[in-house]
Amino acid sequence: MKFETLTKFFNDDSGATAIEYGLIAALVSVAAIGALKGMGGSLETMFTSVGGELDQAVNN
């Protein structure tokens, strides 16, 4: 009985797909973080500029 259960457990690969999708998601996340860090200075400048324009629009 125990040998059959272990054999079924080792032959079951239904969780492999979930693990692969998890690894792909982690890789995409690392790439996105790297890209955003690289663009950090220009994004900060852009949002500061937009914020200043919005402040002017509200004050006028």
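Count residues from 1 along the sequence.
Grouping Ile, Leu, Val, Met, Phe, Trp and Tyr by side-chain contacts under 4.5 Å, direct or through others, puts Leu23 with Ile19.
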Could you pull out every donor-acceptor pair under 3.5 Å between side chains of residues 51-60 and any protein atom, sequence neighbours left out?
| unit_1 | atom_1 | unit_2 | atom_2 | d |
| --- | --- | --- | --- | --- |
| Asn59 | ND2 | Asp55 | O | 3.1 |
| Asn60 | ND2 | Gln56 | O | 3.2 |

Exercise answer: donor-acceptor pairs, residues 32-50 side-chain atoms, under 3.5 Å, sequence neighbours excluded:
| unit_1 | atom_1 | unit_2 | atom_2 | d |
| --- | --- | --- | --- | --- |
| Ser42 | OG | Met39 | O | 3.0 |
| Thr45 | OG1 | Gly41 | O | 3.0 |
| Thr48 | OG1 | Glu44 | O | 2.7 |

